Amino acid sequence: MRKAPGKNRAASVKAKHHSNLTFRMNVLFFAIFIIFSMLIFRLGYMQIVKGEDYVRILERTEEVPVNTSVPRGRMYDRYGRILVDNQPENAITYTKMQTTKTDEILEIAEKLAQLIEQPTKRVTLRDKKDFWILKNHDAAYEKITDKEETKIKTQENITTSQINAEIDRLVRERITDEELAQLTEADLEVLAIYREMASGYSLSPQIIKSENVSADEFARVSERLTELPGVNTTTDWKRVKLSSLSVLGRTTLPTKGIPKEKLNYYLARDYSRNDRVGESYIEAQYEELLQGQKTVVKNITNKKGQVVDTITTYEGEPGKDLVLTLDSELQAETEKIVEDELLKLKAKSGSYLLDRAFLVMMDPKTGDILSMVGKKIEKDPETGKNIIVDYAYGSFTTAYEAGSVVKAATMLTGYNQGVITPSTVFGDEPIHLLGTPVKKSIFNRNGYITMDGLTALERSSNVYMFKTALLINGTPYSYMMPLRLKDDTFSKMRNSYAQFGLGVKTGIDLPNEFSGVQGPSGPTMGGKTLDLAIGQYDTYTPMQLAQYISTVANGGYRIQPHVVKEVRDPSKDGQKLGQLVTEVGPTILNSIDNSAEEINYVKKGLRRVYTGNQGSARKQFANAPYTAAGKTGTAEVVYYGPLTEHYGTNTTNLTHVGFAPYENPEIAYAVVIPWVTTNFKIYLDNNNEIARRSVDKYYELKEKYDSAKVTDSNVEQPILPAITKEKIGEED
């Protein structure tokens, strides 16, 4: 019996449909398998390969350094007397979240204005215009027509932010004085608060007010903190100096914050824009130690990204304390001495160019700077009268012709070049060179005096040094000889001087050190080589002169000077210095190429400057109750100081270097008084007076400290009060 054709076709269609469905299901299951395989692979890659990276990213975004205004490290002198302190102040701060809106900040500012008095002197015209726009948004942007807006938007290669900035600029330009006058005193106070609140980063506390916060204001805000989200009452720390010494440096104010030129440097180190940072000298040089560590908190957020809680993961800590090498009492006393002698000189005729004087006193064996004095005469801008200001930083940032004080270096240079020895004898006589003015010693205008090296130093013979320089050039002196320099003569002398620290940076741990100025050199500059040999060509800083005489005093080692003696943890009880972290020891930069015999011979000549019958400092030092040695200097120079109208005027620099005690030096000192007088007929020895009075004061204080058992030992050193009640705020 045959099957009906219709049934066969239906079965075939059903079979084909079933086959297609099976294929599709297989494709679907395969696709699902592939997708799940990819998800599993991706999950494994994220967990196994990238897991640690993502954890680090999560931690980095959650843990935020917070400016808790920790105290900066204090500074003490070598005996533990406070020099720079911190003064606590009540402060009101505001911390905005990432999700905080402008109108929310404004609302809080309006509430705060009812609780505190906020000065409006820092409000700028730009602030007023921005605030007027904020309070009158619709009216402000109606000042821009649709046509103007379209024109701005259709400019080529302009971004959305640039479009908004250009529109805002036009709006500000069109705000009238009458419209700004609508802002009341109350509005300006709200604005003064608002500008501080809005200027900080998210999650970074911004100081709204820290100066003159009254107890009532502090209490009123503290009672309403729940109504003022982000607002907090805390303690801020102001920097207070108990010395006017400029090299202590200064910090920026929170209102200024980080200097623009160093913004990226500090932001990369987790600073906030409104942080105090060291702006000059010790405060700047040791910023990383003084700054302290901020508190680090972890922000807990909800699903919307809003911060609901914070957990402290690292408690902040104050900055490290610095114990300086300076003796603050010696510093104060020597400042008086320099100021006194400077004023005496200023009262004499021909002193119209004189405006400064310096003294540097250091330990020649350790490099400790014991006293760094610089005094400068300036005009008071209000009264027009002369006032004296601190200019200690000038001792390493300014340089001058030093005169005869460098003659010890010239003799030792002659020794190490092998052209003279301690037994060398020269005749002091006028030097006549072809094409060069006659050069002579001050004490011998016409005669011929035979002298050895000791007498040459005692009497300050220029000619002895001239003849030494000529031998270094390989051209012994003869009457009316032509002088052409060899290519290496200047470099030989300058390289030798550099071994003592002359003409090169001393390495002092302070910024902006100046190395001085070297005059031109060349084969036709023979006369200038002779000037160089007596200190009347290149310029040197007072700090270089102190390092130079220290090198001679300690037997030939150039020691790096430094102003920081120790780094310590903050004091725990306020009675004793904190635990010692680092002690700064002596750093030998180099030793000079001279034998002990040669150095001792020169030191003997320097001793005769103080005690010899013809010594130039005999008047001041012959009767000293201690042994000392040194060299005086007078340089005839051409003026190129701050008074440009007097450029080219001939004037005189006075200098002095020395050390004591002679047998085992513990102090070395350098005095520089530039542009003392234009009157060459008078004899001035105030440089020697500063040296003698300062060394006397050193020994007087040493005896006083021994009697009172004041010590600079680093073992449990007590904190002592400052020697003065003077307080200099960070605003001054």
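A quick note: this is a predicted structure, and the numbers were derived from the prediction, not measured. All heavy atoms count here, side chains included; hydrogens, waters and symmetry mates do not.
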| query | Nearest 0.5 Å, what's the OH-CD distance between Y497 and Q544? | reply |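 Between Y497 OH and Q544 CD, I get 13.5 Å after rounding to 0.5 Å.
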| request: Return the minimal non-hydrogen interatomic distance between T541 and S395, and the atom names on each side. | output: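 Closest heavy-atom pair between T541 and S395: CB-O, 3.6 Å.
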Check whether the side chains of [X] and [Y] place a donor and an acceptor atom closer than 3.5 Å, and report yes or no.
{"X": "D327", "Y": "Y705", "value": "yes"}
{"X": "S423", "Y": "T421", "value": "yes"}
{"X": "Q536", "Y": "D531", "value": "no"}
{"X": "D428", "Y": "S441", "value": "yes"}
{"X": "Y400", "Y": "R356", "value": "yes"}
{"X": "S460", "Y": "K407", "value": "yes"}
{"X": "D593", "Y": "Q499", "value": "yes"}
{"X": "R692", "Y": "N687", "value": "no"}
{"X": "R558", "Y": "Q547", "value": "yes"}
{"X": "S694", "Y": "T334", "value": "no"}
{"X": "N679", "Y": "T677", "value": "no"}
{"X": "T489", "Y": "N473", "value": "yes"}
{"X": "D452", "Y": "T424", "value": "no"}
{"X": "E666", "Y": "Y698", "value": "yes"}
{"X": "Q620", "Y": "E689", "value": "yes"}

Donor-acceptor pair, [X] side chain versus [Y] backbone, under 3.5 Å?
{"X": "Y601", "Y": "P422", "result": "yes"}
{"X": "N653", "Y": "E401", "result": "yes"}
{"X": "T539", "Y": "V517", "result": "yes"}
{"X": "T468", "Y": "Y464", "result": "yes"}
{"X": "T627", "Y": "Y662", "result": "yes"}
{"X": "T655", "Y": "A402", "result": "yes"}
{"X": "D538", "Y": "Q518", "result": "no"}
{"X": "S591", "Y": "G556", "result": "no"}
{"X": "D488", "Y": "S491", "result": "no"}
{"X": "E598", "Y": "S595", "result": "yes"}

Counting only heavy atoms not in [X], do more than 12 fall under 6.0 Å of its [atom1]?
{"X": "D487", "atom1": "CG", "result": "no"}
{"X": "K344", "atom1": "NZ", "result": "yes"}
{"X": "E663", "atom1": "CD", "result": "yes"}
{"X": "K320", "atom1": "NZ", "result": "yes"}
{"X": "K604", "atom1": "NZ", "result": "no"}
{"X": "E597", "atom1": "CD", "result": "no"}

Any heavy-atom pair between the side chains of [Y] and [X] that's under 4.5 Å?
{"X": "L457", "Y": "R608", "answer": "no"}
{"X": "L289", "Y": "V581", "answer": "no"}
{"X": "T506", "Y": "Q560", "answer": "no"}
{"X": "T551", "Y": "Y557", "answer": "no"}
{"X": "T652", "Y": "V637", "answer": "no"}
{"X": "Y647", "Y": "V638", "answer": "no"}
{"X": "L330", "Y": "E700", "answer": "no"}
{"X": "H432", "Y": "Y477", "answer": "yes"}

| field | Evaluation steps, salt bridge (charged side-chain N to carboxylate O under 4.0 Å, His left out), between K336 and E339 | value | CA-CA 5 Å; K336 294 176 184 176; E339 185 173 324; over 6 Å; no
| request: Output yes when K467 and E429 qualify as a salt bridge under the 4.0 Å nitrogen-oxygen rule, no when they do not. | output: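 A salt bridge is present here (some side-chain N lies under 4.0 Å from a carboxylate O).
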| Residues K565, E583: salt bridge by 4.0 Å N-O rule |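 Here K565 does not pair with E583 in a salt bridge, since their nearest N and O are not under 4.0 Å apart.
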| field | Intermediate values then yes/no, side chain to side chain contact (heavy atoms under 4.5 Å, CB included), T325 and L370 | value | CA-CA 6 Å; T325 61; L370 305 176; 5.6 Å; no
| query | So D509 and Y286, side chain to side chain contact (heavy atoms under 4.5 Å, CB included) or not? Walk me through it. | reply | CA-CA 9 Å; D509 52 339; Y286 289 92; 2.5 Å; yes
| Do any pairs count as a salt bridge (charged side-chain N to carboxylate O under 4.0 Å, His left out) and have a residue in residues 620-633, sequence neighbours left out, and if so which ones? |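 Residue pairs with at least one partner in residues 620-633: there are none.
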| task | Could you pull out all residues at least two apart from K365 that satisfy salt bridge (charged side-chain N to carboxylate O under 4.0 Å, His left out)? | result |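 Here no residue qualifies.
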| Which class fits the ring pair F396 and Y281: parallel under 30°, tilted 30 to 60°, perpendicular over 60°? |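 Rings of F396 and Y281: perpendicular, over 60°.
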| request: Indicate the ring-plane relationship of Y610 and H656, choosing parallel, tilted or perpendicular according to the 30° and 60° boundaries. | output: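 The rings of Y610 and H656 sit tilted, inter-plane angle from 30° to 60°.
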| said: Does T678 form a side chain to side chain contact (heavy atoms under 4.5 Å, CB included) with Y352? I'd like the steps, not just the answer. | reply: CA-CA 8 Å; T678 57; Y352 60 93; 3.6 Å; yes
| task | Report the C-alpha separation of R693 and D340 in whole Å, then their side-chain angles, then the decisive distance to 0.1 Å, and conclude whether the salt bridge (charged side-chain N to carboxylate O under 4.0 Å, His left out) test is met. | result | CA-CA 11 Å; R693 292 175 63 186; D340 179 45; 2.8 Å; yes
| Hey, mind stepping through N512 and Y393 against side chain to side chain contact (heavy atoms under 4.5 Å, CB included) and telling me if it holds? | CA-CA 9 Å; N512 306 321; Y393 58 87; over 6 Å; no
